[in-house]
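Here's the structure we're looking at; comments come further down.
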Amino acid sequence: MMTSFKYRLEQKEPRTGSGGITRGASVKDFPASIGIAGVSMRLEPGGMRELHWHANAAEWAYVISGSCRTTVIHPDGHAYTDTFEPGDVWYFPRGYGHSIQGLGPDECHFILIFDNGDFSEDHTFSITDFFTQTPNNIVAQNLGITEEQAAKLNQGEAYFAKGPVPNDSSSSGTYRRNSELTTIHRYPLLAKQPRRAPGGGTQRTVTVEDFPISTTMAGSLIELQPGALREMHWHPNADEWQYYISGQAEMTVFLAEGHAVTEHFEAGDVGYAPMGAGHYIKNTGDDVCRVLIGFNSGHYEAIDLSEWIAGNPDDLLSTNLGMTKEEAAKLPNDTLFIAPDKQKNSSQS
C-alpha cells in the first residue's frame, strides 16, 4: 500500500479541557510525517495551555485568528512575555518552559509545528503533573508553602486551565516599556513584504536569518490564486509540513524509481513532503488557497524546476529531453516560482 501524504487534522477527535481544545498529529497518526509533527489548538478568552515544556522538540507556531499571550523561561533565568495577533509567529527552543493564554475577545486559533515527528502533545511535561508526581513535603519545601497547601496542588495534570482574561483593561495585563515590531520569541510574518508572482500568488518566509532564535525551523505562508501552481520543486535540507488554512489544492509527491502519490486537500488538512522529494501545490478551487508550511531546518532552501532548467545549456536539454534545440530554447529561462493559470487569467481580463 502506497504511503499517504495527507492527514485530515481538523476531523480528528479533539482533546478538550477547561478553556481549550487541541488536535495533534505525530508520526503515529500520520506515518509519512517522520520528521515533523503538528497541532491545531484553540483557546477561549482566558483559556490557558498550562506551564509546560517539550523535552524532544522545539515549538514553532503561527496564529491564524484571535490573540494570545505567551510566557517563556530561558536557562539563564530570564523570562519573556509576548502578545500575538493573526499572522505572528513564535519559537520556543526544546526544553524551554512556556505557557499560552487566550486574550479574547474571540477564540484564538493557532498551529503548532514541532521539529520531531515522534513528538506528541499528549506527552509533554506539565507543571501540575510535576507537582502531582512529587512528594508533598518536597513541593512544600521547594515553594515555601505548607504540606497542606502542597497537597492541594497535587491533583493531577491540568493541561488546560480557565482564568480571567489578562488584557490591557485588567490588572493582570502585562507591562511593556517599549513598542516593538519583533522580540526574541516573536516575528510578525504577515507584516513582511511577500515574494510575489503577478497573477500567481505570494510567499512570505521566515528563517533563522530573520528570526535568530529559530535555529531548527523555518516557515512559509503561501497564497495561490485560483488555478495557480507552486511549481515543481524540492527542498534539499528539510522536510515540508503543510497546513491548509483555506481553499482547495492538489499535490503530487515524487518519490523516485517510478513512484509518486497525488493527494487532494481542503481547509484543515495537513500535507507532507519528505526532504528531497519532488512536489508541487496547485490551487484546484475557485478561491485563494492559503497554505502554512513548516520546515525542520532554520534555513530555507528550495530548488525550483524552472530555475534548474534555466541553468542548463539548450543542447544539453534537447539531448536529455528528446527535444529539438529550438524547442529547448523555449523552455523557461528564469525562475517561475508560482505559475499563473493563463486560461483563468485570460478569461477574467
Residues forming a side chain to side chain donor-acceptor pair (under 3.5 Å) with His185, sequence neighbours excluded: His74

Please answer: with hydrophobic residues joined when any side-chain heavy atoms are less than 4.5 Å apart, are Ile21 and Tyr62 in the same cluster? no

Could you work out the complete set of other residues in the hydrophobic cluster of Trp53, with links drawn between I, L, V, M, F, W and Y side chains under 4.5 Å apart? Phe125, Phe130

Yes or no on side chain to side chain donor-acceptor pair (under 3.5 Å) for Ser126 and Glu157, after CA distance, side-chain angles and deciding distance? CA-CA 7 Å; Ser126 298; Glu157 183 183 30; 2.6 Å; yes

So does Asp314 pair up with Lys330, basic N to acidic O under 4.0 Å? no

Joint hydrophobic cluster, Tyr96 plus Val39, side-chain heavy atoms closer than 4.5 Å: yes

Could you state whether Phe131 and Ile145 fall into the same hydrophobic cluster, counting links through intermediate Ile, Leu, Val, Met, Phe, Trp or Tyr residues with side-chain heavy atoms under 4.5 angstrom apart? yes

Counting C-beta onward and ignoring hydrogens, is there a side-chain heavy-atom pair between Ile64 and Ile245 closer than 4.5 Å? yes

Answer yes or no: does atom CG of Asn137 have more than 12 heavy-atom neighbours from other residues, nucleotides or ligands under 6.0 Å? yes

Backbone of Leu336 reached by a side-chain donor or acceptor of Ser306 within 3.5 Å: yes

Look at Asp88 together with Arg186 and state whether they make a salt bridge at an N to O cut-off of under 4.0 Å. yes

Taking the side chain as C-beta and beyond, is there a heavy-atom pair between Pro45 and Leu103 under 4.5 Å? no

Does Arg94, at its CZ atom, have more than 12 non-hydrogen atoms belonging to other residues, nucleotides or ligands within less than 6.0 Å? no

May I ask you to list the residues sharing a hydrophobic cluster with Trp234, side-chain cutoff 4.5 Å, ordered by chain and number? Leu229, Met232, Tyr280, Ile303, Leu305, Trp308, Ile309, Leu317, Leu321, Met323, Leu331

Are there more than 12 heavy atoms of other residues, nucleotides or ligands under 6.0 Å from atom CD of Gln141? no

Asn312 CG: over 12 foreign heavy atoms closer than 6.0 Å: yes

Taking the side chain as everything from C-beta on, heavy atoms only, tell me whether His279 gets closer than 4.5 Å to Glu263. no

Could you label the plane-to-plane angle of the His52 and His54 rings as parallel, tilted or perpendicular, counting under 30° as parallel and over 60° as perpendicular? perpendicular

Phe84 ring centre to Arg69 NZ or CZ under 6.0 Å, with the angle to the axis within 45°? no

Could you check if a side-chain atom of Phe119 sits within less than 4.5 angstrom of a side-chain atom of Asn56, using non-hydrogen atoms only? yes

Looking only at heavy atoms, what is the nearest atom pair of Glu10 and Ser40, with distance? OE2-OG, 2.5 Å

Are Tyr187 and Ile111 connected in a single hydrophobic cluster, I mean Ile/Leu/Val/Met/Phe/Trp/Tyr linked by side-chain heavy atoms less than 4.5 Å apart? yes

Kindly indicate, with the supporting measurements, whether the criterion ring-ring contact (aromatic ring centres under 6.0 Å, His included) is fulfilled by His299 and His235. CA-CA 11 Å; His299 303 278; His235 304 286; over 10 Å; no

Only one of Thr183, Val72, Thr70 clears side chain to side chain contact (heavy atoms under 4.5 Å, CB included) with Tyr80; which? Val72

Would you verify whether the NZ or CZ of Arg49 falls within 45 degrees of the ring axis of Tyr159 while also being under 6.0 Å from that six-membered ring's centre? yes

Clusters formed by hydrophobic residues whose side-chain heavy atoms approach within less than 4.5 Å: which one holds Met48, and what are its other members? none

Start with the C-alpha gap between Phe92 and Trp60, add the side-chain angles, then the distance that decides, and say whether ring-ring contact (aromatic ring centres under 6.0 Å, His included) holds. CA-CA 7 Å; Phe92 301 140; Trp60 187 99; over 10 Å; no

Please report the interatomic distance NE2(His98) to OG1(Thr81), rounded to the nearest 0.5 Å. 13.0 Å

Going hydrophobic residue to hydrophobic residue with side-chain gaps under 4.5 angstrom, can you get from Ile100 over to Leu51? no

Measure up the Tyr300 and Phe295 rings against each other and bin them: parallel (under 30°), tilted (30 to 60°), perpendicular (over 60°). perpendicular

Where Phe160 and Ser18 come nearest, the two heavy atoms and their spacing: CB-O, 3.4 Å

Salt bridge present between Arg8 and Glu266 (N-O < 4.0 angstrom): yes

As a quick check of understanding, evaluate side-chain contact (heavy atoms from CB on, under 4.5 Å) for Leu153 and Val139, giving each step before the final call. CA-CA 9 Å; Leu153 297 177; Val139 175; 4.2 Å; yes

For Pro86, what residues pass the side chain to side chain contact (heavy atoms under 4.5 Å, CB included) criterion, not counting sequence neighbours? none

Carboxylate-amine/guanidinium contact Asp210 Lys192, below 4.0 Å: yes

Tyr244 ring centre to Arg290 NZ or CZ under 6.0 Å, with the angle to the axis within 45°? no

Side-chain heavy atoms of Lys6 within contact of Phe265, under 4.5 Å: yes

Members other than Leu181 in its cluster, when Ile, Leu, Val, Met, Phe, Trp, Tyr link by side-chain heavy atoms under 4.5 Å? none

Validation row: Leu9, Phe30 side chains within 4.5 angstrom (heavy atoms): no

Side-chain contact test, heavy atoms from C-beta onward, threshold under 4.5 Å: evaluate it for Phe114 versus Ile36 and give yes or no. no

With a 4.0 Å cut-off on N to O distance, would you call Glu250 and Lys282 a salt bridge? no

